[in-house]
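The structure appears below as structure tokens.
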Amino acid sequence: MPDDHPGTHGRTLPVDAPEAVYARVRKEVAARADRLWDTALALHRDPEPAYEEHRAARLLTAELARDGFRVERGTAGLTTAFTARAGSGEGPRVALLLEYDALPGLGHACGHNLIAAAGLGAALAVRAALGDPQGSLLAVGTPAEERGGGKVALVEAGVFDGVDAALMVHPGVHDWSWAPLTASTQVRVGFHGRAAHPTGNPTQGIDALGALIQLFNTLGVLQRRLPPGSHVQGIVTDGGRATNIVPEYAEGLFGLRGATTAALEALAGELERCAEGVAAATGTKAIVERAGSRYEHFRDNPVLTARFTDHLARAGIHLTEPESGVYLGSSDIGNVSTRVPAIHPFLAIMDAADGSDHTPRFAEAAASPRGRRVLLAAAEALACTAADVLLHPEAAAQAHAALRERAESCL
């Protein structure tokens, strides 16, 4: 086994010695274990909700800069986003994704402190093990997806253009090799009617709220025949101004999900047709418009996932396929995965029998001894997968071929 250390001599380990590379990566993660856990705990103690993750971004960028990464803050015009770079720029491009926002009132009950620390650890270990590799190693800080930000904005700004592997993990209550994440969007439906006094001139009124209520009833019938993974849920955001006035305007906000992006768009079309039908029946006018960004369904890259799964097994964590018919919400990682090869496995930091994420108990688990073990195992597996892509051009080629195959089959 070669003993030259690239951090000292500026050389990369031979590409025909993968086990030596993996050993070097594991050594570098182990050397930073306390530092990574301290970072995870610092984020956990100081949770910042969506679009307020300024301290988290400063902490993470300082850690990356300390180890020689070139840091760009405010990526894509998002004040809490960043891109840290290492490498020559010529060759494969790997992006490690870091999330660090918390949930209002619940802190890190989604475990994003562990996502950030795992991505950080992988980035630092790869650079230390390989030196400045041929190609590009990116650590991308992705703020919360609310308000049209997050990865959707980063995708639109070209941050992932030319990337051969976008890698991240997510804590959960299952050890699943990939995330069954649906496509989603929100749709605002407004009905315009005519105001009137319900006793003074009731026949002159056109009840916009009545139309909105009819739409809810219609969607209740529609719901029963939707395919698996699709559903629609709505709330009333404007129901009128006074009880003694027939509402001239009423509005609802509807959340739509589909197992695939195509299924989501089919459901959005159904919603619009229902709204138009209700408007025709009630004499109102319906305005249907999208609210916010569309999240596409997650498209797992089996080539990269297989490599990550094998690397993680070295730490004693064995991933399985997701349970059939189970969907775990939606995420902006879907928009990344439809454009570049990506992984998004779930790693259990507590058992499903003990609860779920988005709970106080899950927040406790994100700072638990099990959370630390998962963090370090994930950092190792992410780093080894990144090294595979950076050192072996065929890995990137195979990942892109798998992405094309998934696109053609609409999976």
Side-chain angles (χ1 to χ4, degrees), residues 26 29-30 33 36-41 43-44 47 96-103 106-122 125 142 166-182 229 297-298 300-302 304-334 337 342-386:
R26 291 193 291 273
V29 171
L36 297 175
W37 186 233
D38 287 345
T39 299
L41 291 180
L43 295 171
H44 192 274
L96 293 156
L97 278 54
L98 286 64
E99 295 183 359
Y100 31 89
D101 62 296
L103 298 171
L106 288 173
H108 278 288
C110 212
H112 289 189
N113 62 313
L114 300 179
I115 298 176
L120 171 67
T142 66
L167 311 176
M168 68 173 291
V169 298
H170 203 297
V173 297
H174 304 285
D175 284 320
W176 285 351
S177 57
W178 58 276
L181 298 172
T182 58
H297 74 278
F298 176 69
D300 175 58
N301 190 277
L304 297 178
T305 292
R307 289 180 178 268
F308 176 86
T309 299
D310 288 345
H311 292 310
L312 190 68
R314 294 173 180 265
I317 300 176
H318 301 280
L319 303 182
T320 64
E321 289 279 308
E323 184 179 340
S324 178
V326 174
Y327 300 97
L328 296 179
S330 306
S331 170
D332 53 4
I333 185 62
S337 73
I343 67 169
H344 188 288
F346 275 105
L347 308 184
I349 61 172
M350 66 183 294
D351 296 329
D354 297 328
S356 69
D357 59 359
H358 291 212
T359 63
R361 291 192 67 187
F362 195 87
E364 294 173 6
S368 69
R370 183 173 178 178
R372 176 184 169 119
R373 291 193 298 272
V374 169
L375 157 63
L376 298 177
E380 285 185 6
L382 286 170
C384 288
T385 306

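These figures come from a predicted structure and were not determined experimentally. These values consider heavy atoms only, across backbone and side chains, with no hydrogens, waters or symmetry-generated copies.
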Validation: residues 113-122 side-chain donor-acceptor distances under 3.5 Å, sequence neighbours left out:
unit_1, atom_1, unit_2, atom_2, d
Asn113, ND2, Ala40, O, 3.2
Asn113, ND2, Ala366, O, 3.1

Describe, in one word, how the ring planes of His170 and His112 are oriented to each other, choosing from parallel (under 30°), tilted (30 to 60°) and perpendicular (over 60°).
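Geometry flag for His112 against His170: perpendicular rings.
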Would you say the side-chain atoms of [X] pair up with the backbone N or O of [Y], donor to acceptor, closer than 3.5 Å?
X: His174; Y: Thr320; value: no
X: Arg361; Y: Gly355; value: no
X: Ser337; Y: Asp300; value: no
X: Ser330; Y: Leu181; value: no
X: Asp175; Y: Ala348; value: yes

Separation of [Y] [atom2] from [X] [atom1] (nearest 0.5 Å):
X: Leu312; Y: Glu380; atom1: CG; atom2: CD; value: 9.0 Å
X: Asp310; Y: Cys384; atom1: CG; atom2: SG; value: 11.0 Å
X: Leu43; Y: His108; atom1: CG; atom2: NE2; value: 5.5 Å
X: Leu304; Y: Thr309; atom1: CG; atom2: OG1; value: 10.5 Å
X: Arg307; Y: Asn301; atom1: CZ; atom2: CG; value: 10.5 Å
X: Ile343; Y: Ile333; atom1: CD1; atom2: CD1; value: 9.0 Å

Taking only residues two or more places apart in sequence or in another chain, which ones pass ring-ring contact (aromatic ring centres under 6.0 Å, His included) with Tyr100?
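Result, ring-ring contact (aromatic ring centres under 6.0 Å, His included) vs Tyr100: Phe82.
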Do [X] and [Y] have side chains that approach each other closer than 4.5 Å (heavy atoms only, starting at C-beta)?
X: Phe362; Y: Leu106; answer: no
X: Asp357; Y: Phe346; answer: no
X: Trp178; Y: Leu319; answer: no
X: Met168; Y: Glu99; answer: yes

Restricting to pairs with a member in residues 307-329, which pass ring-ring contact (aromatic ring centres under 6.0 Å, His included), not counting sequence neighbours?
Tyr22-His311
Tell me the closest heavy-atom pair linking Ala378 and Val169, and the distance in Å.
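Scanning both residues, the minimum pair turns out to be CB-CG2, 4.0 Å.
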